[in-house]
Each structure stands twice: as structure tokens, then as C-alpha cells.
Amino acid sequence: MKNNPRFPRRVGMAALFAACALTVAPGLAAPPPGHVPDTIEQRVAACIACHGREGSSTEAGYFPRLSGKPAAYLFNQLQSFRDGRRLNSDMTHMVRHMSDAYLHEIADYFASIELPYPAPPTTTDATPEMLARGKALVFEGDPGRDIPACVRCHGEALTGVLPGIPALVGLPRLYLSSQLGAWLTNDRHALEPDCMTKVGRKLTAADINAVASWLAMQPVPANPKPIAAPPSPVPMGCSALNN
């Protein structure tokens with residue numbers, strides 16, 4: 001995922017010279033032994049170490065799935081790691097010198113991949129009461145504490161909303177709880193209007209555990225793609241809908 005001067009971009013003088021060489025001397029066109037192709041797939045190969053094959057992380061790990069996420073969401077997260085709104089030393093190291101154009105290219109690549117989701121876990125240490133609380137927060141929120149239901153912004157099927165609201169299903173429980181906790185502890189931010197900061201700070205640790213436990217148990221719908229627009233007016237302004 002790094003910009004590496006040893007690997008030129010696909011568009012540019014290097015591509016032009018390569019094309020000329022192919023035309024003038026076809027016999028010289030074969031790549032030398034050990035040649036690494038300059039493709040977006042090769043350049044994002046480092047992502048696979050944590051996020052899985054082509055960004056399709058499983059429910060067993062911590063790292064989130066990248067494939068099929070809204071491109072605007074992925075771009076916003078890469079930009080946030082680069083610019084300090086999200087904190088992860090490995091991610092910051094990888095993207096800190098990347099331009100917006102390159103981050104868009106990476107985001108578009110992973111957004112275009114369609115891979116099947118693994119089946120959700122069949123067991124949990126969460127109690128039935130905890131799971132019921134999580135489901136209630138997802139579908140009803142907590143009006144007494146001014147906490148909107150998750151489905152108000154993430155869609156009734158929880159598969160996300162274009163251009164930049166992510167799915168909540170198909171994610172590991174640990175990842176869900178850690179990211180909700182990051183909103184609560186003020187360790188994660190988004191561009192203004194930062195709707196999740198407003199919501200996240202109203203959650204308790206018990207709320208987060210309940211929501212993450214219930215979401216992690218849910219199967220991904222047959223059509224996992226994000227919907228085009230929220231099902232109803234969103235409860236507050238959100239930068240994820242402004243891209």
C-alpha cells in the first residue's frame with residue numbers, strides 16, 4: 001500500500017516506454033525473472049496480511065473486512081489514519097505519505113471486490129438479556145438518552161448507505177466493540193459533522209458490549225451491498241453522507 005519509487009504508477013512515462021519496447025522489440029518484452037508486476041493488486045498486497053485475502057476478513061479475527069465497503073467510506077478511513085483522526089500505528093505508517101488520489105485508488109479497488117461472507121458464529125458468551133438489549137439498541141435506539149437506532153443511518157438491513165456509511169453486519173465482535181469504544185473514549189473522529197462522536201459518547205460499556213455481541217451473530221443478507229439512500233431522514237447531520 002506504500003508509494004514506492006521502485007514501482008512506477010500504471011499511467012505515466014514508464015508505461016509509454018514499456019509500450020514502445022513491446023512494439024519495437026517483441027522479443028524483449030518478457031519480464032525478467034523476479035519481476036514484480038506494477039498493478040493495484042500487487043501494491044495493496046500488504047493489506048492482506050491483516051485484512052485477509054482481497055480484504056475479506058473472517059469473523060474470527062479482529063481486523064475488518066475491506067471488500068465491498070463503500071468507496072467513500074474506505075477513502076475517509078484511509079485519510080483519517082493519515083491525518084490523525086483515527087489512531088493505529090501500522091495504518092498510519094502505511095498511508096502517511098500517500099496522496100488523496102492514491103487513497104482513492106486503493107478505496108475504489110477494495111470497494112469493487114465482491115466476495116462471499118463467512119457464516120456468523122453460532123455460539124457466544126453473551127447472555128440472552130445482553131443480546132436482547134443489543135437488538136433493541138440497533139432497531140429502536142434509546143429515546144430517553146437521545147440515542148438513535150443504528151438502522152436509522154446504517155439501513156434496515158445494516159448493510160450501509162452510500163456514499164460513506166459502512167455495514168454493521170459481517171464484522172468481528174472484537175472490532176465492533178473496539179471501534180464503538182473508540183467513539184466513547186474520544187479516540188476516533190470523523191470529519192464534521194461528526195455524527196458518530198455525538199452518538200458514541202452517549203453509549204456505556206454495557207451498551208457497546210450488547211450491540212457488538214448481537215451484531216456479530218447476525219448473518220449477512222443475500223444482497224450485502226449498501227443502499228443508495230437512508231430509509232428515512234437521518235437523525236442528525238453526518239459527514240459520511242456528504243461525499
Side-chain angles (χ1 to χ4, degrees), residues 1 40-41 43-83 85-86 88 90-92 94-95 98 100-120 138 150-151 153-180 182-183 188-191 194-196 200 211-212 215-216 218-231 234 238-243:
M1 294 175 68
I40 184 62
E41 293 85 357
R43 284 186 265 122
V44 301
C47 307
I48 296 173
C50 293
H51 293 276
R53 185 177 66 89
E54 297 180 291
S56 58
S57 183
T58 71
E59 91 288 342
Y62 165 79
F63 300 96
R65 179 187 180 101
L66 301 180
S67 57
K69 291 282 182 68
Y73 172 77
L74 293 173
F75 169 75
N76 286 341
Q77 304 320 302
L78 290 168
Q79 191 183 56
S80 290
F81 282 121
R82 185 193 67 188
D83 298 345
R85 289 184 295 274
R86 289 190 68 175
N88 180 286
D90 291 335
M91 285 299 304
T92 299
M94 295 185 76
V95 302
M98 293 183 181
D100 281 357
Y102 198 20
L103 296 183
H104 272 299
E105 187 176 356
I106 294 170
D108 290 343
Y109 168 74
F110 281 113
S112 69
I113 298 174
E114 297 184 12
L115 292 172
Y117 281 78
V138 167
C150 301
V151 295
C153 294
H154 293 268
E156 290 290 340
L158 300 168
T159 56
V161 178
L162 295 176
I165 297 180
L168 295 181
V169 287
L171 290 168
R173 175 183 176 184
L174 180 58
Y175 177 77
L176 287 164
S177 60
S178 68
Q179 296 311 302
L180 288 171
W183 297 112
R188 179 173 174 176
H189 301 274
L191 294 171
D194 189 354
C195 52
M196 272 306 301
V211 169
L215 286 171
Q218 304 313 302
V220 177
N223 179 8
K225 293 183 178 180
I227 58 178
V234 294
C238 188
S239 61
L241 292 174
N242 295 340
N243 293 281

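We count residues from 1, following the sequence as given. What's counted below: heavy atoms across the whole structure, side chains too, no hydrogens, waters or symmetry copies. Values in this document were obtained by computation on a predicted structure and should not be read as measured data.
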- So, R43 versus Y109: side-chain donor-acceptor pair below 3.5 Å or not? no
- Message: Are V138 and L215 packed together at the side-chain level, in the sense that at least one heavy-atom pair is separated by less than 4.5 angstrom?
- Response: yes
- Looking at side-chain heavy atoms only, is the closest gap between R86 and T92 below 4.5 Å? no
- Message: Measuring only between side-chain heavy atoms, which start at C-beta, is V151 closer than 4.5 Å to P231?
- Response: no
- Query: Do the side chains of L158 and Q218 get nearer than 4.5 Å, heavy atoms only?
  - Reply: no
- In short, P163 meets P70 closest at the heavy-atom pair O-CB, 3.3 Å
- Message: Between T159 (side chain only) and A167 (backbone N and O only), is there a donor and an acceptor less than 3.5 Å apart?
- Response: no
- Do F110 and I113 touch side chain to side chain, with heavy atoms closer than 4.5 Å? yes
- Non-hydrogen side-chain atoms of L241 and V161 separated by less than 4.5 Å: yes
- Task: Grab the two heavy atoms, one from P64 and one from K69, that are nearest each other, plus how far apart they are.
- Result: CB-NZ, 4.5 Å
- Message: Give me the atom names and distance for the closest heavy-atom approach of P224 to Y117.
- Response: CB-CE1, 3.7 Å
- Message: Using 0.5 Å steps for rounding, measure from the CE atom of M196 to the SG atom of C238.
- Response: 8.5 Å
- Item | Where A71 and A107 come nearest, the two heavy atoms and their spacing | O-CB, 3.4 Å
- Query: How about C153 and C195, are their SG atoms within less than 2.5 Å of each other?
  - Reply: no
- Below 4.5 Å, heavy atoms only, C-beta onward: do Q79 and V95 meet side chain to side chain? no
- Note: V169 and P221 closest approach over all heavy atoms is CG2-CD, 4.2 Å
- Task: Check whether any side-chain heavy atom of Q77 lies under 4.5 Å from a side-chain heavy atom of M91, and answer yes or no.
- Result: no
- Between atom SG of C47 and atom CG of L78, what is the distance when rounded to the nearest 0.5 Å? 8.0 Å
- I165 CD1 to I227 CD1 distance, which is reported to the nearest 0.5 Å: 8.5 Å
- Taking atom CD of Q179 and atom CG of L174, what is their separation to the nearest 0.5 Å? 9.5 Å
- Message: If the test is side-chain contact (heavy atoms from CB on, under 4.5 Å), which one of R85, R188, H189 qualifies with S80?
- Response: R85
- Could you tell me the separation between the CG atom of D194 and the CH2 atom of W183, rounded to the nearest 0.5 Å? 5.0 Å
- Task: Identify the heavy atoms of P226 and G68 that sit nearest to each other, and give their distance.
- Result: CD-O, 4.2 Å
- Message: To the nearest 0.5 Å, what is the distance between CG on D83 and CG on D100?
- Response: 7.5 Å
- According to the interplanar angle, ranging from 0 to 90°, do the rings of Y62 and Y175 count as parallel (below 30°), tilted (30 to 60°) or perpendicular (above 60°)? perpendicular
